[in-house]
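Encoded as structure tokens, the structure appears first; notes follow it.
Side chains are part of it too, since the values below use all heavy atoms of this structure and drop only hydrogens, waters and symmetry mates. Residue numbers start from 1 in every chain, and the chains themselves are labelled A, B, ... in the order their sequence lines are given, proteins ahead of strands.
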Amino acid sequence: MFLSLFSSKSRNLFVRGLHFAKQSTRPSAEDIIFRAVCVNIRRKKWKFLDQLSSSLTNSLLSRVFLEFQSSPQLLLEVYRRIGGQKAILDSLESCCILVHVMVDQRNYDEAVCLMKELMMSKGYLPLEVLEALINRMSMWSPSTAVFDALIRACTQNGATEGAYGVIKKLRMENYWVSIHAWNNFLNHLLKIGEVRRFWMVYREMISYEYYENVNTFNLLIYAFCEECKLSEAISVFYRMLKRGIVPNVVGFNMLINGACSADDLDLAVKLLKEMGAMSGGIVSPNAVTYNCLINGYCKRGKLEVAKRILAKMIEMDVKPNIRTYATLIDGYSRNGYLEEAFWLCNNMVESGLIPNAVVYNSFVHWLYMEGDIGGVALLLSDMMLKYIPPDRFTHSIIAKGLCRNGHVNEAIKFHSWLVEKNLVEDAFLHNILINYLYRNNNTSGAKQLLCSMFVRGLIPDQVTYGTMIDGYCKAGEMESAAKVYTDMVKVDKNPNLVIFNSLLDGLCKEESIDCSRFLVDGMKSLNMYDAVTYNTLLNGYCRMGMIKEAFDLFTSMRKAGFLVNKVTYNIMINLLCKFGLFEHAKELVSIMFSQDLAPDFVTYTTLVTNLSNKRSSEEVVKLHDHLVLQGVIPDSQTYEAIVSPVIKETAP
DNA sequence: ATAGGGTTAG
């Protein structure tokens, strides 16, 4: 192998190299290879390098990179040629030299990738990488882009504290943290739902006298939208214009998406129409804009409008993408129109787009919800045939689908299989399983699963704790629920509204009325309460026969407005029916219609069941007809059990 | 930089 080194030309260079070597008159084997490699790199003899690739050890590579650190172009070529990226990762120093080279060549993605790998698989801490980068700093232009890349690598790895630590350290060492780096970190905070921290960091950044750029302003809009503060978000837009900053489509999209999630679709449409005027003719909608609106309408069941937006999009020459179709497909499936969803999928394929895991996940999920196990099996095998890898969503959907269709043990087996195959799992999947184990009264199984989460390095989240608390509350084991609550607070997880509501329900169920009121007062003082809270208490009053309290509460709930929903009326209708006050109950039904809260299958069942116990068959049929004529969809079980036999009986 | 799919409450 080394024979070729000693061809005459190489030999000359080799000897010359030896001449300059100070430390030793007898070069080691590595020295020999090192010289040879360097020579051939200079001459771009890549074939030679390929032959040597197996001898390129860590220390050798380090030496080579150091040798060529001032020729970035050449080094980049070496990196691409040798395919020995693993070897490069083994040496922090050579890796950092390469990162500098990449950044210098504006190849930021590669730089970020390299650092992500370095931290993920080699376990280097962000601050260690930073130090190594700084050590190589003097050789290069004082560009801070390399730090931007490091912060991006941290946020992409989910290392929030790592990223913030790098920012702090840089400031301490008097390096400039670019606005891009701040924006990246701020965006990361919003993505992980840390809105409060977002504002803290934003204020910190402003205190260092940074000027916001268009991206920062967009992030402020995003943050306000997350907090459902739409008017504040819009005022950010005008503040940006006043500063003379040119807006872009991203800010508008954030506003439109925010309006959609705040259930203000009129505003969303208005923004779409006014985009041009508001931006002085600079900005026009893109695919994201339309997708946000389509999603808004799909989630509210307004499929016809959603489809009209798709048509509009095409008319305006904006190409629908896979997300457009995935959104529509999910919207149609979610609202019970699976046939139409499959038809849309066909359209999509004909337009040249290939269904991805998201599309399959929607179908699988809604087929499971319909109990169509056979359909699921077909789709999953189709997915495999087309080499579309399932993701963590697929896994959760399968686990939940199995549980929902009565196969909890199969779901547990499926989970074990995932563990065995070392496939992605997350807290989400565990939460689903834990929930169903409780429902099946398998408390010990649920506890085991929680333990296995810890073992597998998965951190239980608020939902995990909430699921356990709810499980114990439903089982009437309030002491165990309280214990989980204490455990949760110990690990610094704050209870959320859902958890409080679960606890309240548990207290109401065991008829601890004083504790229940105490909890509600506490929740009010924390400003953490909603319609569920009040419905739970109302239901508790009704169950305990505290009629006066129930009516008083109902009145104050109606005064507040937002505390009343369909469930509230269903509870009250049930109460009135129990006392045989059917006329009053029907009055509440009309009020429901007038408040745009259409009675649902629960309303139907409550009325029909109670009426059939106390009144004639004719009245039951009359009520059924009355409700159906007003557009109420009957609960099929109730209909089959009560109404259908009566109709047959009265028929001639 | 923004958009799509999975968990918890009555």
### Query
Mind checking whether A:His395 and A:His415 have ring centres under 6.0 Å apart?
no
### Nucleotide nearest A:Asn539 (side chain, heavy atoms from C-beta), chosen from B:dT2, B:dG10, B:dG6
B:dG10
### Electrostatic pair A:Arg456:A:Glu425 at N-O distance under 4.0 angstrom
yes
### Query
Is there a donor and acceptor pair, one atom on the side chain of A:Asn321 and one on the base of B:dA3, closer than 3.5 Å?
yes
### Task
Side chain of A:Arg323 only, please: which of B:dT8, B:dA9, B:dG4 is the nearest?
B:dG4
### Task
Quick one: label A:Asp391 by what it contacts on the DNA or RNA (base, sugar-phosphate, nothing), any heavy atom closer than 4.0 Å.
base
#### Entry: Salt-bridge criterion met for A:Arg152 and A:Asp109 (N-O under 4.0 Å)
yes
#### Entry: Sequence neighbours excluded - side-chain hydrogen bond (donor to acceptor under 3.5 Å, both in side chains) pairs with any residue from residues 255-264 of chain A
A:Asp263-A:Arg300
## Note on the structure
Out of B:dA9, B:dA3, B:dT2, minimum distance to the side chain of A:Val250 belongs to B:dT2
## Note on the structure
Among B:dG10, B:dG6, B:dA9, the one nearest any side-chain atom of A:Val498 is B:dA9
#### Entry: With A:Val408, the side chain to side chain contact (heavy atoms under 4.5 Å, CB included) member among A:Asn442, A:Leu437, A:Leu402
A:Leu437
#### Entry: A:Asn295 side chain near B:dG4 phosphate (N/O to OP1/OP2, under 4.0 Å)
yes
### Query
Do A:Asn431 side-chain and B:dG6 base share a donor-acceptor contact under 3.5 Å?
no
### Task
Ignoring hydrogens and angles, answer whether the base of B:dG4 and the side-chain atoms of A:Thr327 contain a donor-acceptor pair closer than 3.5 Å.
no
### Message
Base, sugar-phosphate or nothing for A:Lys474? Non-hydrogen atoms, less than 4.0 Å.
### Response
sugar-phosphate
### Task
Quick one: label A:Asn356 by what it contacts on the DNA or RNA (base, sugar-phosphate, nothing), any heavy atom closer than 4.0 Å.
base
### Query
Touch check for A:Asn218, heavy atoms < 4.0 angstrom, all strands: base, sugar-phosphate only, or nothing?
base
### Message
Any side-chain N or O of A:Arg392 below 4.0 angstrom from OP1/OP2 of B:dT7?
### Response
no
Do any side-chain atoms of residues 564-571 of chain A form donor-acceptor pairs under 3.5 angstrom with protein atoms, and if so which ones, sequence neighbours left out?
from, atom 1, to, atom 2, distance (Å)
A:Asn565, OD1, A:Asn535, ND2, 3.0
A:Asn565, OD1, A:Val567, N, 3.0
A:Asn565, OD1, A:Thr568, N, 3.3
A:Asn565, OD1, A:Thr568, OG1, 3.2
A:Lys566, NZ, A:Ala598, O, 3.2
A:Thr568, OG1, A:Asn535, OD1, 2.8
A:Thr568, OG1, A:Asn565, N, 2.9
A:Thr568, OG1, A:Asn565, O, 3.2
A:Asn570, OD1, A:Thr603, OG1, 2.7
A:Asn570, ND2, A:Asp600, OD1, 3.3

### Task
Taking only the side-chain heavy atoms of A:Asn291 (C-beta and beyond), determine which of B:dA3, B:dT2, B:dG6 contains the nearest atom.
B:dA3
### Message
By nearest atom, which of the nucleotides B:dG6, B:dA3, B:dT8 is closest to the A:Asp426 side chain?
### Response
B:dG6
### Task
When you get a sec, tell me which of B:dG4, B:dA3, B:dT8 is the closest nucleotide to the side chain of A:Ala326?
B:dG4
### Task
Name the nucleic acid region contacted by A:Arg543, choosing base, sugar-phosphate or nothing; use a 4.0 angstrom heavy-atom cut-off, strictly under.
nothing
#### Entry: From B:dA3, B:dG6, B:dT8, nucleotide with atom closest to A:His365 side chain
B:dG6
### Summary
Per atom distances to the A:Asp530 side chain, the nearest of B:dA9, B:dT7, B:dA3 is B:dA9
#### Entry: B:dG10 base / A:Asn570 side chain donor-acceptor hit below 3.5 Å
no
### Query
Counting side-chain heavy atoms from CB outward, which of B:dG4, B:dG10, B:dT8 is closest to A:Val532?
B:dG10
#### Entry: Side-chain N or O of A:Arg334 closer than 4.0 Å to phosphate OP1/OP2 of B:dG6
yes
### Message
What is the distance, to the nearest angstrom, from the CH2 atom on A:Trp366 to the P atom on B:dG6?
### Response
7 Å
### Task
Under 4.0 Å between any heavy atoms, over every strand shown, what does A:Ile294 touch: base, sugar-phosphate, or nothing? Just pick one.
nothing
